[in-house]
Amino acid sequence: MSLLEISSFAAGQWVAPGAGARNIASAITGEVMATAGNDALDVQAMLDHARTAGGANLRRLTFHDRARMLKALAGHLNQHKQALYDLSFDTGATQSDHMIDIDGGIGTMFVFASKGRREMPDGHVYLDGEVEQLSRNGTFLGQHICTPLRGVAVHINAFNFPVWGMLEKLAPTLLAGVPAIVKPATNSCYVTELAVKLMLGSGILPEGALQLVSGGLGDMLDHLTMQDVVSFTGSANTALKLRANPVVLENSIRFVAEQDSLNASILGPDAAPGTPEFDLFVKEVSREMTTKAGQKCTAIRRIIAPQAQVDAVIEALSGRLAKTKIGDPRLETTRMGALVSNSQKRDVLEKAKVIGQEAERVFGNPDSFNVEGADAEKGAFVPPMLFHCADPDKASRVHDTEAFGPVSTIMGYRDLGHAIDLANRGQGSLVASVITHDPAVAREVAIGAGAYHGRLYFNNRDSMKESTGHGSPLPHMVHGGPGRAGGGEEMGGVRGVKHYMQRTAIQGSPDILSAIGEKWVPGGSEIKGPAHPFTRKFGELSIGETLHTAPRTVTLEDIETFAHFTGDTFYAHMDDEAAKRNPFFPGRVAHGYLLLSFAAGMFVQPDEGPVLANTGLDSLRFMKPISAGESIKVRLTVKKKTPRNEEYGEVRWHVNLTNQDDEIAAEYELLTMNAF
């Protein structure tokens with residue numbers, strides 16, 4: 001079989017392996033199958049190309065443009081994922097492992113595309129938080145904004161997820177408007193290369209938005225600036241070396257680290273054998289030990305169970321692990337494939353020996369196990385190994401040594417406080433899980449362990465059918481953790497996008513803030529339109545366009561009619577003496593929702609027109625009661641416009657309802673869909 005030559009994509013050109021190239025062996029056979037790396041890559045040219053061409057091209061697009069780009073990329077990869085499946089087997093991964101990596105990565109890109117359209121503006125500036133009142137009369141205000149960094153994101157990824165590991169970083173980076181240079185781990189870079197070729201070949205990405213380094217980065221980090229970002233996934237030792245780069249330190253370059261950690265899973269004190277929670281716990285631990293042959297940064301390394309249940313857990317878990325078929329991942333019967341390489345196999349066995357100094361191996365013998373369809377000696381195969389640590393308080397290696405494979409250690413706890421202490425002994429993890437049906441147990445763990453873990457996953461009989469699993473980071477939620485886990489965060493929806501943007505405090509007048517954020521700020525200039533705003537199409541409306549209504553007097557008959565019609569006969573509206581005893585009311589007052597109904601009637605234009613639907617009402621506040629005999633008037637202002645498709649867009653209106661003395665009685669935002 002001829003060797004695959006895994007190329008880099010640098011400054012718009014594919015560069016074949018050259019000086020410094022490294023051989024890559026199949027995890028199944030141990031035979032060399034590919035070569036990658038080229039010491040002659042011009043890293044400065046790559047950085048310049050990303051900053052000038054890639055950054056400029058991406059920043060010309062709005063957040064919604066980039067979101068649509070992500071959706072198109074995800075769709076394109078989805079159409080070609082079989083080729084990625086076929087190539088991934090040589091990493092040792094099974095078909096179900098492929099779905100976590102490839103389908104999971106594509107799904108992550110789809111989620112960021114959706115969040116970009118729903119939660120970010122169709123503009124170039126992201127508003128972070130509400131307007132801050134910095135002056136008494138509102139002429140001097142503050143607002144935080146986020147804009148794309150003017151550099152490049154260097155993504156250094158681990159070997160275990162060659163597709164998901166790239167896409168979960170790439171999606172928020174591109175959505176932010178920042179170009180990326182992706183450097184996958186060499187052992188599995190051939191899968192990443194194919195994914196990059198598919199994306200570049202689609203023609204969807206603008207020039208310079210994505211580059212690939214197959215092999216070593218050389219001295220790229222030495223050429224970074226304060227506008228660049230390094231996002232790393234891998235071992236704590238490698239992260240420490242990269243983070244300590246003098247240029248990274250001197251320029252305060254953002255360094256996002258997601259490191260391997262000693263993740264834990266706690267069996268709740270209520271989850272005795274025979275309960276759904278006990279069975280769920282055993283299933284979750286078994287799955288986390290064997291999926292990707294345990295090569296997951298979120299895999300369960302420490303199993304924490306009530307002391308009285310340790311033997312039962314060992315028995316049940318050993319029985320389940322014994323049914324795991326190990327072999328060539330291309331076989332349909334295989335449930336666990338190989339580690340990524342024989343060097344990784346050696347490392348796992350060495351770490352297992354270290355753990356064995358403090359714990360007894362109660363399941364799995366690396367010197368005697370069956371492998372179907374492959375040679376256990378030539379391939380990077382190891383069996384699942386379960387250790388039991390009888391005295392976890394005195395032990396240290398079980399809390400600081402990670403065998404990055406199908407290896408886990410069970411330990412007993414005396415009470416829930418002890419379980420929390422053991423979970424926290426890992427000094428920071430990506431995830432800890434708790435299997436319990438007792439909400440009080442969940443609360444105690446959340447308070448006691450939250451500071452040590454990036455994610456806490458609770459599961460029980462109520463959620464087990466729909467839960468995604470201990471080891472599945474989701475794009476909606478942050479992925480990362482404190483201490484040993486790296487101290488960084490990825491994903492988490494728009495939170496992940498902000499890692500590639502600069503937050504800036506803006507101070508100025510309402511008009512200045514309105515212009516920067518493309519969102520009308522109360523106190524800003526009002527525009528008088530040529531006709532009622534409800535008669536004008538989406539594209540004809542301007543930010544700040546305002547309608548002032550004539551006043552309307554609220555009568556006692558109005559209040560009583562509304563009360564009897566709706567059934568809302570709350571005493572503040574119907575009993576004058578009782579209302580006066582309430583410190584908030586001067587006597588009987590109009591219903592808040594009566595005022596909203598009147599407001600709608602005062603600013604509505606009833607004829608058929610471009611307003612297609614009222615789709616929501618946000619940020620409603622009632623600030624001053626209205627009594628019978630008082631009058632109200634309404635100011636309706638176009639606050640923000642967001643295109644939704646080719647037929648209509650969303651208009652966000654600021655509605656201000658005042659009394660006869662111009663005091664604000666109510667304020668809210670109205671959402672409508674308007675035709676183009």
No-hydrogen, no-angle side-chain donor-acceptor test under 3.5 Å, [X] and [Y]:
X	Y	value
Ser235	Asn237	no
Ser433	Glu284	no
Thr436	Asp270	yes
Arg22	Asn187	yes
His144	Thr504	no
Ser429	His453	yes
Glu402	Ser261	no
Ser467	Asn459	yes
Lys296	Asn160	no
Gln227	Arg254	no

Taking the six-membered ring of Phe161 as reference, does the cationic atom of Lys292 (NZ for Lys, CZ for Arg) lie under 6.0 Å from its centre and within 45° of its axis?
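The answer is yes; both the distance and angle limits are met.
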Thinking salt bridges, do [X] and [Y] make one under a 4.0 Å N-O criterion?
X	Y	answer
Arg461	Glu277	yes
Arg150	Asp228	no
Asp347	Lys351	yes

Where do Asp279 and Arg320 land on the salt bridge (Lys or Arg N to Asp or Glu O under 4.0 Å) test, with the steps shown first?
CA-CA 11 Å; Asp279 295 339; Arg320 193 174 184 93; over 6 Å; no
Centroid separation under 6.0 Å, is that true for the rings of Phe89 and His98?
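Under 6.0 Å, so yes.
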